[in-house]
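Data block below; observations after.
Proteins get letters first, then strands, A, B, ... in listed order; numbering begins at 1 in each.
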Amino acid sequence: MNPLSLFFKKQYAVEEKIQRLLRYLEDMAHLYQGAYEAYLDGSSDDFAQRNEELNKIEKEMDDLGLQIQMTLMRESLMPDSRDDLLWFLTKLDKVPSSFKHSLGEIALEKPEIPEDFQVPLKKMLIHTHDAVKALAHATDSLFSDLRGVRQHVEEVGRQESEVDQVEYKLLKKIFQNEKFELARQYQLKGILRQLGAVTNLAEDVADAVLILSTKHST
Amino acid sequence: MLDPTILIFLSSGLFLGWSLGANDAANVFGTAVGSRMVRFTTATLICGAFVVLGAFVSGTGAAQTLGKLGAVNALGGSFMAALAAGLTVFWMTKFGLPVSTSQAIIGSIIGWNLFSDSYTDISSLLKILSTWIICPLLAAVIAAFLYSATKLFVRKIGTGLIRMDGYTRLALILAGAFGAYSLGANNIANVMGVFVPVAPFPDIQFGQGFSISSAQQLFLVGGVAIAVGVFTYSRRVMMTVGSELMTLTPLAAWVAVMSHSIVLFLFASERLEQLLANLSLPTIPLVPVSSSQAVVGAVLGIGMLQGGREIQWPRVYEIVKGWVVTPLISCLICFVGLYFLQNVFQQTVHRESKYLLSASVLEKFQKEGIDAAGLSELSDSVFHSSAEVVRAIKEKVTLTSKQGLKVVEFSFQKSLVITPEKISSMDKKGLSRSQLVALKKLQGQTYNFPWQLGDALAVTSTEWEVRGGGLKNKLHDRKIKRKLAYLYRIFQRRER
């Protein structure tokens, strides 16, 4: 047993909860990618099952986030930067919500994805997954080793820019294709925007991580 | 059985201790409690315990400088000196001015010196006054250095946010405990220092190896009074301190407390003084310094390092104004209070002392470098106050401040008799074998002046020699002087 755990029991407990939260986030990123790919491959059962699983984890993450916030308040942890931390946790909470909304829209609208969109969309999904994974690592560094934060935040930025490039190309393709009706064009645009929003949000949260780490290491 | 009037007289010291605890605990734990990093109950428990420990274990060093400034020689005088300081501290707090117990008690002692026509050693006074500038400056420099080093260290180790919070809490508690210990060690002299020369408690002996001196008992009682002040009245001050000068982050709060504690420790540690002297480095004067001054200096040091924009300068000016006004008010209250205590309440506020310029005293002056040739006219003159004898001699020859102290020391008449009963009953723990043998050789001797016993002992054994000059000898000499002061008290011939 680590002798320091006697002194820092409360801190270790919160850290453990945050670690759990980040594991959930990574699981969600994985499920999101899997569910989306299942939809693209036409495997609706697999999609439904993964979507359901993702919703369950999102609920658990919500509860865990609330628990962390309550602990921070109740145990008077980090009184000087508690507001910053609560602001950050609220921001982080939006990432799983974006997964949920993106898949929810697909489940509701069941859009018909053009064949030539399959590969770039899967590429976007890989980058999205990697961006969220890097975000989880950046957040983990914020609570374990501030020196690693910048590297992971930069990785999130790189992945987001990759997603942006593919997204832009696909959007151009949608609106240049005269065969598509306006309604379909807007439906596909909406779906793409939802997918791109996940990495935009991840980048936004990563920036918050960087701000917090800079504030606390100077 | 302890005389109840003694307890009444001591009450003013306890009142002063209480106010010191109520106010100065905020300097140690204020920022930690105010920023909710440490619970009030935790802070008071740690603060109380370590204040008592510091006062009891390391309280004697700084008390001696106060003793040099003015040895208040009657319990009534000590009562008024402590009361005047306590009232000044209390009123200054009421008017919202920051408090410095050190300055208040020094003002009181000067007040007593003026009232009793006692000699004020200017060099000791200047030594203390200089620390009022050195102390905040030193705290500021230490804080600026420590803050930069801590920031670098924190950046280098890159500890995560939550664990850093835990480390900062623990660091604040440890720094607070160190601060409380230093506060007790250094500031107990302010609370009980004036009672040391008239200490009413007999030494307590526990078997062969352990004894508690009268001064230590006083410091223990004073330490408890400070702790009670911490428990009962420090909450509000603790909650407000820290934001007055500038808002501190927990890390900056730790640096402020740590710098404050280091400064207090530097001015109170005899062991450190010894270490510096052994390394032939200049020593730091053992003086009771103001805890408030130290913490203000430390906060300003951090603020200046950040560009000084966040510092509330008007508040700083007010604080400095308070540092000037406090000793003056305390001196005035003490002087007026002594007048009333003596003339209205018929209490003895200073004991009549006799200063005799006998032939042996003049000879001693000559040996100690005071020009005694010009003093023949004053031969066998008797004076009734220390200031009077110094004034009379100054009319004839030039005296430095240190020589003035020597004049007082050598002309002070107090009969001593070395009896075998007293030798057998005295505490011999601090004496070497050779020192004890020398003392026993003097059995049956009587002396008119305390220094004569010191000289006789030095002739009998070199281990009783006051060597003079040099840093290393300073510490050796202080030990000898402390032992001699004990002997002068033990072998004093009781007046019938």
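- Most heavy-atom pairs under 4.5 Å with chain A, from the set B:Ile162, B:Leu152, B:Leu251: that is B:Ile162.
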Requested in this report: Decide side-chain contact (heavy atoms from CB on, under 4.5 Å) for B:Arg163 and A:Tyr12; before the verdict, give the C-alpha distance in whole Å, the side-chain angles of both, and the deciding distance to 0.1 Å.
Outcome: CA-CA 7 Å; B:Arg163 209 163 287 196; A:Tyr12 283 11; 3.6 Å; yes
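- In A:Tyr32, the OH atom is crowded: over 12 heavy atoms of neighbouring residues, nucleotides or ligands sit closer than 6.0 Å.
- Heavy atoms of other residues, nucleotides or ligands lying less than 6.0 angstrom from CZ of B:Phe231 number more than 12.
- Atom CZ of residue A:Phe8 and atom CG of residue B:Asp165 lie 9.5 Å apart, to the nearest 0.5 angstrom.
- The nearest pair of heavy atoms linking B:Ile157 to A:Asp145 is O-OD1, 4.0 Å.
- The shortest heavy-atom contact between A:Arg147 and B:Arg155 is CG-O, 3.9 Å.
- Of the listed residues (B:Thr249, B:Thr168, B:Thr159), the one with the most heavy-atom contacts under 4.5 Å to chain A is B:Thr159.
- Within a 6.0 Å sphere centred on NZ of A:Lys91, heavy atoms belonging to other residues, nucleotides or ligands number more than 12.
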Query raised in the report: Are B:Leu161 and A:Asp84 close enough, and set up right, to give a side-chain contact (heavy atoms from CB on, under 4.5 Å), and what steps lead you there?
Result: CA-CA 11 Å; B:Leu161 292 193; A:Asp84 288 347; over 6 Å; no
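- When the shell of 6.0 Å around CD of A:Glu52 is examined, it contains 12 or fewer heavy atoms from other residues, nucleotides or ligands.
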